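See below for the structure under consideration.
Excluded from the calculations below are hydrogen atoms, water molecules and symmetry mates; all remaining heavy atoms, backbone and side chain alike, are included. When a ligand or atom number is given, it counts from 1 through the structure's own listing order. Quick caveat: nothing in here was measured; it's all calculated off a predicted structure.
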Amino acid sequence: MKTFVFNGPNLGRLGKREPDVYGSTTHDDLAHLCVATGQELGLDVEVRQTDHEGAMVGWLHEAADAGAPVVLNAGAWTHYSIAVRDAAAQLTAPLIELHISNVHKREEFRHHSVLSDIATGVIVGLGVDGYALALRWIAAHAS
Ligand code: DQA
């Protein structure tokens, strides 16, 4: 099953970006981890990252049209982008909202998500391992 992992702004800088918060895994490492986990689970996983909101909206439309599940780390857009929310709301397959860090232990502005109430589930604070867990859930529940 085609499954998308979409990462939003600044996540291309994983490994360099605030390693005390986000760890030392790079985005390339993360993409390999997701594709390898997908192969193990029988999922055809495609990982994309963008710093451009319009690109993310277009990718969500593509996933909606394909009826494909999405693991979405929308980065900072999580907290304010109604455009990303409205695009994600069009998905018909499961949507897993994911955050590498535990946003609830961090600044107040990170405690609110415009995505959580339209997501199937939310994974927060488990580091990059959260992506593999999200894919395992999709493989078990979204066929
Ligand atoms: C993040 C948390 C967001 O608050 C932040 O803006 C990010 C990454 C996470 O994965 O922990 O860019 O989504």
When you compare ligand 1 with [X], is there at least one nitrogen or oxygen pair between them that comes in under 3.5 angstrom?
X    : result
I100 : yes
V103 : no
T78  : no
H99  : yes

Q. Is a salt bridge present between E40 and R136, judged by a nitrogen-to-oxygen distance below 4.0 Å?
A. yes
Q.
Using a strict threshold of under 4.0 Å (side-chain N to carboxylate O), is an ion pair present between D117 and R85?
A. yes
Specify side chain, backbone, both or neither for [X], according to which of its non-hydrogen atoms lie closer than 4.0 Å to ligand 1.
X    : answer
R110 : side chain
N10  : neither
V21  : neither

Q) Is any side-chain heavy atom of N7 closer than 4.5 Å to a side-chain heavy atom of Y131? A) yes
Q | Distance-only side-chain donor-acceptor flag, E97 / T78, under 3.5 Å | A | no
Q) Would you say the side-chain atoms of E46 and T3 include a donor-acceptor pair closer than 3.5 Å? A) no
Please report which non-hydrogen protein atom sits nearest to [atom], along with the residue it belongs to and the distance in Å to one decimal place.
atom                    : answer
atom 8 (C) of ligand 1  : Y22 OH, 3.5 Å
atom 4 (O) of ligand 1  : H79 NE2, 2.7 Å
atom 11 (O) of ligand 1 : S101 OG, 2.6 Å

(Q) Is it the case that atom CZ in R48 sees more than 12 heavy atoms from other parts of the structure closer than 6.0 Å? (A) yes
Q: Could you tell me which atoms of ligand 1, counted from 1 in the order shown, lie closer than 4.0 angstrom to a heavy atom of N73?
A: 1 (C), 9 (C), 10 (O), 13 (O)
Q: Give the atoms of ligand 1, by number and element, whose distance to some non-hydrogen atom of R17 is under 4.0 Å.
A: 7 (C), 8 (C), 12 (O)
**Q.** Plane angle bin for H104 and H111 - parallel if under 30°, tilted between 30 and 60°, otherwise perpendicular
**A.** tilted
Q: Would you confirm whether D51, through its side chain, and N10, through its main-chain N or O, come within 3.5 Å as a donor-acceptor pair?
A: yes
